[in-house]
Each structure stands twice: as structure tokens, then as C-alpha cells.
Amino acid sequence: MAQAPSPTVPTDHILRVYNRAPLAFERGRGARLYTVDGEEYLDCLAGIATTGLGHAHPKVVQALKDQAEKLWHVSNIFRIPGQEALARKLTDATFADVVFFTNSGTEAVECALKTARKYHWANGQPERIDIFGFDGAFHGRSYAAVFAAGNPSYVEGFGPALPGYKTLPFGDLDAFKAAVGPDTCAIIVEPVQGEGGARALTPETLKAMRDHCTEHGVLVIYDEIQCGLGRTGKLFAHEWAEGAAPDIMCVAKALGDGFPVGACLATAEAAKGMTVGSHGSTYGGNPLAMAVGLAAFDELSKPETLENVRTIAGYFTQGLKGLQDRYPDVIADIRGKGLLIGVKLIPNNRDFMQLARDEKLLVAGGGDNCVRLLPSLLLTQDEAREAIEKLERACEAVRKKAAA
Ligand SMILES: *Cc1c(COP(=O)(O)O)cnc(C)c1O
């Protein structure tokens with residue numbers, strides 16, 4: 001039997017920026033993951049909403065294999081047909097006219113922030129640099145992304161704040177309207193917060209923010225890296241709000257079903273400052289990433305996939321509300337949208353994640369003492385039932401621990 005990493009021996013030569021669970025997986029299929037010891041887990045975390053089609057989806061695997069035999073990488077100094085094809089699909093499906101491909105969500109955010117600043121500069125208003133983020137947001141770990149989100153623990157110790165970034169309370173329309181002024185460049189917001197604990201803005205709030213920005217010449221950037229690409233039961237989460245399309249949008253995570261690929265989408269107007277030489281990437285949008293992205297996007301955007309998300313989300317919500325009724329001492333709230341589900345707990349969420357793992361169920365942590373369920377968008381009803389049964393046993397275990 002293969003040697004599992006010891007839970008007590010740290011991974012000595014890995015920079016210790018993660019508090020890792022003592023589990024190492026060797027293979028996956030759909031919503032199942034198998035450890036090096038052959039133990040089976042039900043995966044309701046999906047690499048944090050990244051393997052949106054589950055593990056080793058046959059169409060995506062085939063696309064990767066086929067492309068791997070042909071061509072991996074050239075350079076963005078050449079035309080890349082796969083990019084042109086995926087950009088066409090993304091723009092056909094959204095508000096956007098143009099796409100810049102990246103390797104990660106953070107880079108898509110970086111491109112969005114630069115695009116917004118450059119737009120006002122191109123308009124002869126270089127003083128418009130203020131970008132508003134919202135409490136509980138997560139936009140990635142680059143220097144600009146941490147200041148855009150403003151989470152104090154992610155900016156601490158990294159020197160002076162980047163100028164022009166301000167954090168506003170999430171969902172507070174009055175505070176938002178009061179903050180917008182002549183120097184405001186853009187807002188960046190997750191229509192449904194992921195890391196912040198599956199907090200959704202109401203469609204009314206999103207629409208009101210959009211309208212206020214339009215009125216004041218402020219660009220709207222949506223970070224749909226976690227909540228986009230089918231996760232909420234629509235292709236993009238902002239589609240739940242009528243007439244609230246952004247000017248710029250960041251996607252990543254599920255776009256490659258686990259292969260690193262992201263994208264920054266924009267209207268032609270919002271992107272007008274981004275001229276030849278103003279941005280770039282070595283790997284972004286290379287042929288291998290595009291082949292995988294094309295295959296994944298075709299599956300993610302199918303009406304059947306979105307339908308499944310809505311059905312399974314309804315089933316989950318009902319099951320979880322039942323659990324909340326039976327375990328009010330464990331579960332405080334159920335929230336989120338679609339298959340971005342937050343379970344706000346009374347006991348510590350990290351402890352609960354361990355109890356879930358003891359039941360061979362993987363869930364993600366989240367802000368506000370939540371655990372998040374972010375399973376494959378192709379999860380079946382039987383798998384959802386199994387997840388709820390495992391969560392019920394984890395709730396029982398919380399009670400046993402409390403009584404001990
Ligand atoms: C994961 C995530 C990011 C960062 O993406 P990376 O690929 O880790 O760089 C940004 N925003 C949101 C909402 C995310 O969930």
C-alpha cells in the first residue's frame with residue numbers, strides 16, 4: 001500500500017501558507033476522490049468550485065489528450081485559433097465584446113482593474129482611480145487583488161496600501177451611493193460572495209448598484225470566478241438580476257475544470273484603453289488551455305447542466321433546512337445560491353470540516369463560520385442524498401462531542 005503523508009509531519013519544503021488537511025488524493029472520477037490508500041470520499045468542494053464538471057470528465061480529458069499530442073504552447077505574438085473560438089463562445093453568451101485569457105482568477109482580476117483605470121485615462125479623466133470593493137470579498141492574492149478586496153488579514157504586513165482602493169459594507173446601498181464621487185473609477189463585486197461565506201446580493205441591490213454606476217460614469221466589474229459558469233443555476237450569477245450586466249467580468253475556476261485558465265471579459269467601450277502593448281501574458285490562452293476550456297465551456301453551458309444545478313440545489317436546500325430543523329444547536333443558517341451553498345454553523349467550522357471528513361465527505365470552509373458545499377454541477381440526486389446523510393452524521397458527532 002502506498003505511503004500516506006503523515007498527519008503530524010509537516011511538508012518541510014513547501015512554504016507554509018496553507019493549513020493542510022492530512023489527506024493526499026491519487027485519482028478522482030465525477031464527485032468521488034480516492035486517497036493514495038484507496039479510501040473513497042464524496043467531494044462537495046470540487047477544488048473550491050473549480051472542477052465544475054467533476055473529476056476526469058471524459059470529454060475534457062479527451063480534449064486535453066488530443067491537444068497534448070498536437071501543440072501545447074506558442075505565444076500570443078501569433079493568432080491562436082482556440083482563443084478565437086473560446087472568445088467567440090464567451091462573448092456570444094454574455095454582455096462582452098472582447099476577452100483576455102489568463103492562467104488564474106487573480107490575473108483576470110488584475111486585467112479587469114487595469115482595464116478600468118485605463119478606460120478613464122483614455123477618456124481624459126486620469127483622476128478617476130478609486131475602486132470600491134466590499135467587505136468579505138475575495139479577489140485573489142496579487143498586490144492589487146488583496147487591496148481590492150480589503151480583507152485586513154490578507155493585506156497585513158505587505159507594506160503601504162495601494163492608492164485608490166476602498167472597502168465598503170457589502171449590500172449597503174446607501175453607503176455605496178454616498179461613496180461614489182467624481183474620482184470613482186469602478187466597483188468590483190461578487191454577485192454571490194464565495195470565500196465570504198456564500199453571501200448573495202439580492203437582484204434588486206445588484207440592479208440598483210449597476211444603475212447608480214451607469215448614472216455616474218463608474219465601471220462595474222463582476223468577479224464571477226467562483227459564482228459564474230453555471231454554479232448558481234444560470235450561466236452567470238448576475239443573470240438572476242434583470243438589466244444588471246457589468247462592463248467587465250472575471251471568470252476562471254470552472255472554466256478549465258481544474259486546468260489553469262481564466263478570462264477577463266469586457267465591452268468594447270470599457271476595453272478601449274487596452275491597446276497594443278498595454279497588457280500581456282506568456283501562457284494566457286495557450287493552445288492547451290484553450291482546448292480544455294472549449295470542451296469544459298461546452299458542457300458547463302448546456303441547458304441540461306444548468307437545469308441539473310437548479311434541481312440539485314433545490315434538493316440540497318430542502319435537505320439542509322430539514323437538518324437545520326433537527327439540529328438547531330449545530331446549524332444556524334443555510335444560504336447562498338444554486339450549488340454555492342453556505343451552511344453557517346454554531347460549532348467551529350474547521351472542527352465541523354474534520355467531522356465531515358471522518359464521514360468521508362469533503363466540504364470547503366468559508367467566512368462567517370460557514371462551511372460551503374460546492375459540488376460538481378453534474379452531481380446526481382443520489383449523491384446529494386448521500387452528502388446530506390453524511391452531514392447528518394457529522395451533526396450527530398458534534399452533539400456527541402458536546403456531551404462528552
Ligand atoms: C478563487 C477566486 C479568485 C482567485 O482566483 P485564483 O485562480 O486563485 O487566482 C478570485 N476571486 C474569487 C471570487 C475567487 O473565488
Side-chain angles (χ1 to χ4, degrees), residues 28-33 42-67 82 85-96 99 191-192 194 198 200 203 222 224-242 245 249 251-259 261 263 265 290-320 336-341 372-388:
R29 189 93 201 164
R32 307 283 167 180
L33 274 172
L42 179 59
D43 183 9
C44 283
L45 180 162
I48 316 204
T50 298
T51 49
L53 300 166
H55 299 284
H57 188 282
K59 294 228 172 97
V60 180
V61 170
Q62 196 58 49
L64 182 112
K65 283 184 174 168
D66 291 346
Q67 189 62 41
L86 185 52
R88 165 58 67 99
K89 283 179 196 264
L90 287 167
T91 53
D92 280 353
T94 63
F95 70 96
V99 182
V192 184
Y222 290 153
E224 291 232 17
I225 290 166
Q226 188 161 148
C227 63
L229 291 167
R231 178 62 45 197
T232 68
K234 293 218 190 247
L235 187 55
F236 292 103
H238 71 266
E239 294 170 22
W240 289 101
E242 197 88 22
M249 180 168 74
V251 300
K253 290 203 162 96
L255 187 57
D257 198 33
F259 193 92
V261 52
L265 284 64
M290 293 299 98
V292 175
L294 278 163
F297 185 78
D298 280 348
E299 295 303 309
L300 291 166
S301 57
K302 275 187 180 160
E304 304 92 277
T305 304
L306 303 177
E307 178 74 47
N308 189 64
V309 171
R310 296 194 289 266
T311 307
I312 299 300
Y315 182 83
F316 251 122
T317 308
Q318 218 183 352
L320 290 168
K337 187 91 190 157
L339 288 177
L340 203 175
I341 303 170
R372 276 172 299 161
L373 302 175
L374 309 159
S376 160
L377 308 186
L378 303 179
L379 200 78
T380 64
Q381 191 148 318
D382 283 344
E383 288 163 340
R385 181 178 315 117
E386 190 184 327
I388 291 165

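All residue numbers in this chain count up from 1 along the given sequence. This one's a predicted model, so the numbers in the text were calculated from it and none came from an experiment.
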I341 and A198 have their tightest heavy-atom pair at C-CB, 3.9 Å
Around R385, counting heavy atoms of other residues, nucleotides and ligands shown, do more than 12 lie under 6.0 Å from its CZ?
yes
Are any side-chain N or O atoms of E224 and backbone N or O atoms of M249, one a donor and one an acceptor, separated by less than 3.5 Å?
no
Which heavy atom of H57 sits nearest to which heavy atom of L378, and what is that distance?
CD2-CD1, 3.7 Å
Whether over 12 other heavy atoms sit under 6.0 Å from K302 NZ
yes
Among T232, L340, V251, whose side chain to side chain contact (heavy atoms under 4.5 Å, CB included) with Q226 holds?
L340
Taking all atoms of both residues into account, what is the closest heavy-atom pair of A384 and Y315, and its distance?
CB-CD2, 3.6 Å
Step-by-step side-chain contact (heavy atoms from CB on, under 4.5 Å) determination, K253 to L229:
CA-CA 9 Å; K253 290 203 162 96; L229 291 167; over 6 Å; no
Should the ring pair H238 and F95 be called parallel, tilted or perpendicular, given that the plane angle runs from 0 to 90° and is split at 30 and 60?
perpendicular
Is the side chain of D257 donor-acceptor paired with the backbone N or O of V292 at a distance under 3.5 Å, no angle test?
no
What is the distance from atom CG of L255 to atom CG of L300, rounded to the nearest 0.5 Å?
8.0 Å
With a 3.5 Å distance limit and no angle check, can you tell me whether T305 reaches the backbone of E299 through a side-chain donor-acceptor pair?
yes
Main-chain N/O of L379 paired to N308 side chain as donor or acceptor, under 3.5 Å
yes
Run the side-chain contact (heavy atoms from CB on, under 4.5 Å) test on K234 and L306 for me, step by step, so that the C-alpha distance in whole Å, both residues' side-chain angles and the decisive distance to 0.1 Å come before the verdict.
CA-CA 6 Å; K234 293 218 190 247; L306 303 177; 5.7 Å; no
Tell me whether D43 contacts the main-chain N or O of A31 through its side chain, where contact means a donor paired with an acceptor under 3.5 Å.
no
Would you mind checking if K337 and E239 are paired as a salt bridge, meaning a charged N to carboxylate O distance below 4.0 Å?
no
For E307, the side chain to side chain contact (heavy atoms under 4.5 Å, CB included) test, sequence neighbours excluded, returns R310, T311
Without hydrogens or angle criteria, can the side chains of D66 and Q62 be said to hold a donor-acceptor pair below 3.5 Å?
yes
Locate the shortest heavy-atom distance separating L42 from E383; write the atom from each residue and the value.
CD2-O, 3.6 Å
Gap separating the CZ atom of F316 from the SG atom of C44, nearest 0.5 angstrom
4.5 Å
For L90 and A263, work out which heavy atoms get closest and say how close.
CD1-CB, 4.4 Å
Take Y222 and L265, measure what side-chain contact (heavy atoms from CB on, under 4.5 Å) needs, and give me the verdict at the end.
CA-CA 10 Å; Y222 290 153; L265 284 64; over 6 Å; no
What are the two closest heavy atoms between S376 and A46, and how far apart are they?
N-CB, 4.3 Å
